[in-house]
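Since the structure comes first, as structure tokens, the remarks are kept for the end.
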Amino acid sequence: MKKYLYKIFTDAGQKLNYLSEIYLSFDVPKIESHGDLSCNAAMLLSKKLKENPRKIAQEIISNLKLDNRIISKTEIAGPGFINFFFTPEFVTKITFDIISKCDFFGKSSKNKGKKANVEFVSANPTGPLTVGHGRNAVVGDTVANLLEWIGYTVDREYYFNNAGRQMRVLGDSVKLRYLQLLGKEILFPDDYYQGDYIKEIAKKIYKKYGDNLKDEQPEGKFKEITEVEIFEDIKNSLKRLGITHKIFYNENSLYDDGKINWLLDKYESLELTYKRDNATWLKLSKLGIEEDKVIVKSSGEPTYRLPDIGYHVTKFERGYDLIVDLFGSDHNATYPDVLAGVKALGYDDSKIKVLIHQFVTVLKKGEVVKMSTRKANYITLDELVEEAGSDVVRYFFNMRSVSSHMNFDLTLAKKQSDENPVFYLQYAHARICSIIKTVEEEKLKPSKDNLELLSSEEEQRLLKKLHLFEEEVLYSAENFEPHRICIYLEELAAAFHKFYHLHRILGSEKKLAEARLALAVATKIVIKNGLEILGVSAPERM
RNA sequence: GCCCACGUAGCUCAGUUGGAUAGAGCAACGGUUUCCUAAACCGUAGGCCACAGGUUCGAAUCCUGUCGUGGGUACCA
């Protein structure tokens, strides 16, 4: 529908030059009586042309060559909106389009041939994934899905670091638990990893090695085994949500292949570094950042900034057209340094899209659960998935905009009731499947021949909603906003239920029944496709 | 102190480059089933869009300030 109007306006633009001076857009009005699509061009132009917007609107309309088989009515309304009403016959053709595209309806080849990298989760293997990681994981995977739907080839990537102090403490935590198992009286420091999983790993090691490792350094076998164990857990947790990363990128490899030294040399030759207090500083103040920052500590060890920059350089070198990073808000101070550092090397930082999601507050029985990995006072992602199910977890994390703080009410998520919107969608899908089955027993087949019979209010509304899916996917993907798909689907399901409630398929005259059946099939396709983007299942019965 | 995000119905949240009368779900109250799934549908009620200024034809949306919430502000990541 929009496409048609764009074309008509472009044609009219040959006579009305001023149309090319504004950003032409068509919106679905909030109020149905305002038409199917509305254009505010006249109001945008009134300032430039110093003319009454309603007068301009009149001039625009009289220059549009509208096909009355497609547009039934135009009007000038309010301060100068131009409203367009489409003919019911044109609207019913939507069904045909959806059924013929089927699983592909909503997909576009707009970015065909382009490569995208979506980096998400990226938690270091120091413990099980928590609820907070869950939001990151689900949103990241869904953003990747969306990009695939608009044509990108997407690599899902996980960046981690298994060196450094954090991991040493981890290895040592396991060793202490191990020594405790051997019967030694050892004080376990407060700032060590307190979680039960540490004890579990220690137990496993004890089972396998007995007391043979009592003199082993914590950085050796203990760290090694612990890392493997925890990473297996993390991968399994993600798998339960249907998430698989293609690439696991280890920070260490940046040292091994000389990237870090290369970077340092590069910055030095660009005269962007200096020494102070025995540390190496990067002149970020020359790159649009407020203060300079340390990139190599006085101990000789780089800070996280240097490998982070090096890592992003590899993403450019690996030929990605779009680079998406998804972080929790606790990282919001770090990425500007990285972007500036990358840009200084001559890379196009506009290819990098940094998404910051806000924190998740977990409520249990109405009370806030405070979280700390170190203290092991947290709810794991596994617990969440186990209690609520993968579909609910994915839907909950997807249904809020990334920038909003969200409450995850565990007590509510566990309730498999109508307080859970995901069931509303799944129910609509199951209902349609059931209808199709029942109706087919009556020897009715969905037919595209008499679609013009779908002329009732509810049918027309449903059709228009279905039509918007393609646009909605494109918009969600380009703006990295998975939650829009949830909102869309809920509205679609509501439109379907209303249709279902008032109009029968079985018992209607054959031609009408077959047209309605086609409409139901089209709805089923769109719900299924939408849920697929979200990574939520579309059950055939409930 | 400074930086980032947020503040919309009782609760959880939408609100598309600034658009017409601010929306949904849940909770509350009332109604609908001899009929393809009632996990549904219909109706009622619920608002100073945190507050105060500014920008303009027009602001929940943009700018400034105040208050509140979360996060950050290391030679931790």
Side-chain angles (χ1 to χ4, degrees), chain A residues 23 25 27-31 33-34 38 40 43-44 46-47 52-53 77-81 83 122-124 161 164-166 251 276-281 290-291 293-305 307-308 327-336 356-359 361 363 366 396 399-409 412 416-421 423-428 430-439 441-442 471-472 475-476 479 481 483-484 486-487 490-491 493-494 496-498 500-508 513 516-517 520 541-542:
Chain A
Y23 183 87
S25 72
D27 294 313
V28 179
K30 277 184 252 175
I31 296 162
S33 62
H34 290 157
S38 167
N40 66 351
M43 278 133 68
L44 294 175
S46 75
K47 209 175 293 174
N52 182 328
F81 291 100
N83 295 337
S122 294
N124 285 340
N161 175 20
R165 199 188 64 90
Q166 224 184 359
E251 183 183 324
R276 196 214 294 165
D277 303 334
N278 228 4
T280 308
W281 296 67
E290 279 186 18
E291 342 180 87
K293 301 269 172 65
V294 171
I295 50 173
V296 182
K297 302 181 215 171
S298 51
S299 64
E301 213 180 348
T303 64
Y304 65 89
R305 283 183 195 91
D308 270 11
F327 301 131
S329 61
D330 54 338
H331 280 67
N332 72 13
T334 71
Y335 77 88
I356 305 283
H357 67 83
Q358 296 300 312
F359 267 31
T361 307
L363 300 171
F396 266 52
M399 76 179 173
R400 302 302 178 211
S401 69
V402 166
S403 66
S404 81
H405 298 264
M406 73 170 278
N407 284 341
F408 198 113
D409 188 331
L412 190 139
Q416 309 244 328
S417 74
D418 47 354
E419 287 171 56
N420 252 328
F423 295 124
Y424 182 74
L425 302 181
Q426 293 184 320
Y427 176 70
R431 203 179 209 185
I432 296 171
C433 289
S434 163
I435 292 167
I436 292 170
K437 214 174 149 195
T438 313
V439 164
E441 283 163 12
E442 303 287 321
E471 194 180 300
E472 208 58 58
Y475 191 92
S476 301
N479 293 286
E481 293 182 338
H483 75 281
R484 293 185 63 97
C486 296
I487 293 165
E490 286 172 35
E491 287 170 359
F496 175 77
H497 284 308
K498 277 171 199 171
Y500 171 88
H501 198 252
L502 284 168
H503 304 285
R504 297 189 54 77
I505 297 173
L506 260 185
S508 295
R516 283 182 178 160
L517 185 53
R541 50 167 43 181
M542 288 180 78

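Order of the sequence lines sets the chain letters (A, B, ...), proteins ahead of strands, with each chain counted from 1. This structure is a prediction, so every number in the text was calculated from the model and none was measured.
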Under 4.0 Å, counting only non-hydrogen atoms across every strand here, what does [X] touch: a base, just sugar-phosphate, or nothing?
{"X": "Met399(A)", "result": "nothing"}
{"X": "Pro421(A)", "result": "nothing"}
{"X": "Ser46(A)", "result": "nothing"}
{"X": "Asn407(A)", "result": "sugar-phosphate"}
{"X": "Lys30(A)", "result": "sugar-phosphate"}
{"X": "Thr280(A)", "result": "nothing"}
{"X": "Asn52(A)", "result": "nothing"}
{"X": "Tyr23(A)", "result": "base"}

Under the rule for salt bridge (Lys or Arg N to Asp or Glu O under 4.0 Å), what residues qualify as partners of [X], not counting sequence neighbours?
{"X": "Glu472(A)", "result": "Arg484(A)"}
{"X": "Lys293(A)", "result": "Asp337(A)"}
{"X": "Glu471(A)", "result": "Lys2(A)"}

Starting at atom [atom1] of [X], determine the distance to atom [atom2] of [N], rounded to an integer number of angstrom.
{"X": "Leu425(A)", "N": "C26(B)", "atom1": "CG", "atom2": "C1'", "answer": "15 Å"}
{"X": "Arg400(A)", "N": "G25(B)", "atom1": "CZ", "atom2": "C1'", "answer": "8 Å"}
{"X": "Ile487(A)", "N": "G23(B)", "atom1": "CD1", "atom2": "C1'", "answer": "10 Å"}

Just so I know, are the side chains of [X] and [Y] near enough to count as touching, which here means a heavy-atom distance under 4.5 Å?
{"X": "Tyr500(A)", "Y": "Ile432(A)", "result": "no"}
{"X": "His34(A)", "Y": "Phe81(A)", "result": "no"}
{"X": "Asn161(A)", "Y": "Tyr304(A)", "result": "no"}

When you compare [N] with [M], how far apart are their [atom1] atoms, in angstrom units rounded to a whole number?
{"N": "G58(B)", "M": "U17(B)", "atom1": "C1'", "answer": "16 Å"}
{"N": "G46(B)", "M": "G54(B)", "atom1": "C1'", "answer": "32 Å"}
{"N": "A20(B)", "M": "U69(B)", "atom1": "C1'", "answer": "34 Å"}
{"N": "U21(B)", "M": "U32(B)", "atom1": "C1'", "answer": "29 Å"}
{"N": "G10(B)", "M": "A28(B)", "atom1": "C1'", "answer": "9 Å"}
{"N": "G47(B)", "M": "C11(B)", "atom1": "C1'", "answer": "15 Å"}
{"N": "C67(B)", "M": "A50(B)", "atom1": "C1'", "answer": "8 Å"}
{"N": "A9(B)", "M": "G53(B)", "atom1": "C1'", "answer": "27 Å"}

- Message: Identify the stems formed by RNA chain B, where each pair is Watson-Crick or G-U wobble with both distances under 3.5 angstrom and a stem is at least 3 consecutive pairs.
- Response: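 Stem list for RNA chain B: B:1-7 with B:67-73, B:10-13 with B:23-26, B:28-32 with B:40-44, B:50-54 with B:62-66.
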Between the protein and nucleotides 74-77 of chain B, which nitrogen or oxygen pairs come in under 3.5 angstrom?
{"residue": "C75(B)", "atom": "O2", "partner": "Ser298(A)", "partner atom": "N", "Å": "2.7"}
{"residue": "C75(B)", "atom": "O2", "partner": "Ser298(A)", "partner atom": "OG", "Å": "2.9"}
{"residue": "C75(B)", "atom": "N3", "partner": "Ser298(A)", "partner atom": "OG", "Å": "3.4"}
{"residue": "C75(B)", "atom": "N4", "partner": "Asp277(A)", "partner atom": "O", "Å": "3.2"}
{"residue": "C76(B)", "atom": "OP2", "partner": "Lys297(A)", "partner atom": "NZ", "Å": "2.4"}
{"residue": "A77(B)", "atom": "OP1", "partner": "Tyr304(A)", "partner atom": "N", "Å": "3.4"}
{"residue": "A77(B)", "atom": "OP2", "partner": "Tyr304(A)", "partner atom": "N", "Å": "2.9"}

- Item | A20(B) base stacked by Phe81(A) (centroids within less than 5.5 Å, tilt under 30°) |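 Yes; centroid distance and tilt both under limits.
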- Under the side-chain contact (heavy atoms from CB on, under 4.5 Å) test, residues paired with Thr438(A) that sit two or more places apart: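 Applying side-chain contact (heavy atoms from CB on, under 4.5 Å) to Thr438(A) gives Ser434(A), Leu506(A).
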Name all residues meeting the side chain to side chain donor-acceptor pair (under 3.5 Å) criterion together with [X]; count only those two or more places apart in sequence or in a different chain, and write none if there are none.
{"X": "Asn83(A)", "value": "Ser38(A), Glu75(A)"}
{"X": "Glu491(A)", "value": "Lys465(A)"}
{"X": "His405(A)", "value": "none"}
{"X": "Asn407(A)", "value": "none"}

- Query: How do Glu481(A) and Ala493(A) order along RNA chain B: which one's closest nucleotide is nearer the 5' end?
  - Reply: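 By nearest-heavy-atom nucleotide position, the 5'-most residue is Glu481(A).
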Do you know which two heavy atoms are closest between [X] and [Y], and how far apart they sit?
{"X": "Leu517(A)", "Y": "Val439(A)", "result": "CD2-CG1, 3.6 Å"}
{"X": "Lys297(A)", "Y": "Ala279(A)", "result": "C-CB, 4.1 Å"}
{"X": "Met406(A)", "Y": "Phe396(A)", "result": "CE-O, 3.7 Å"}

- Task: Any chance you could measure Ile487(A), atom CD1, to Ser401(A), atom OG, to the nearest 0.5 Å?
- Result: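 So the gap between those two atoms works out to 8.0 Å.
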- Message: If you apply the rule side-chain contact (heavy atoms from CB on, under 4.5 Å), what do you find for Asp308(A) with Tyr335(A), and how did you get there?
- Response: CA-CA 9 Å; Asp308(A) 270 11; Tyr335(A) 77 88; over 6 Å; no
- Message: Base contacts versus sugar-phosphate-only contacts with protein, heavy atoms under 4.0 Å: please encode nucleotides 2-10 of chain B as B, S and - from 5' to 3'.
- Response: --BBS----
- Go through U16(B), G19(B), U17(B) for me and flag the one nearest to the Met43(A) side chain.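 For the Met43(A) side chain, the nearest candidate turns out to be G19(B).
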- Message: By nearest atom, which of the nucleotides G71(B), A14(B), A20(B) is closest to the Ser38(A) side chain?
- Response: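 Nearest to the side chain of Ser38(A) among the choices is A20(B).
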Are any protein N/O atoms closer than 3.5 Å to N/O atoms in nucleotides 36-39 of chain B? If there are, list each pair with its distance.
{"residue": "C36(B)", "atom": "O2'", "partner": "Thr438(A)", "partner atom": "OG1", "Å": "3.4"}
{"residue": "C36(B)", "atom": "O2", "partner": "Leu506(A)", "partner atom": "N", "Å": "3.1"}
{"residue": "C36(B)", "atom": "N3", "partner": "Ile505(A)", "partner atom": "N", "Å": "3.2"}
{"residue": "C36(B)", "atom": "N4", "partner": "Tyr500(A)", "partner atom": "O", "Å": "3.0"}
{"residue": "C36(B)", "atom": "N4", "partner": "His503(A)", "partner atom": "O", "Å": "2.7"}
{"residue": "U37(B)", "atom": "OP1", "partner": "Ser434(A)", "partner atom": "OG", "Å": "2.7"}
{"residue": "U37(B)", "atom": "OP2", "partner": "Ser434(A)", "partner atom": "OG", "Å": "3.2"}
{"residue": "U37(B)", "atom": "O2'", "partner": "Tyr427(A)", "partner atom": "OH", "Å": "2.0"}
{"residue": "U37(B)", "atom": "O2'", "partner": "Arg431(A)", "partner atom": "NE", "Å": "3.0"}
{"residue": "U37(B)", "atom": "O4", "partner": "Ala430(A)", "partner atom": "O", "Å": "3.3"}
{"residue": "U37(B)", "atom": "O4", "partner": "Met542(A)", "partner atom": "N", "Å": "3.4"}
{"residue": "A38(B)", "atom": "OP2", "partner": "Arg431(A)", "partner atom": "NH2", "Å": "2.2"}

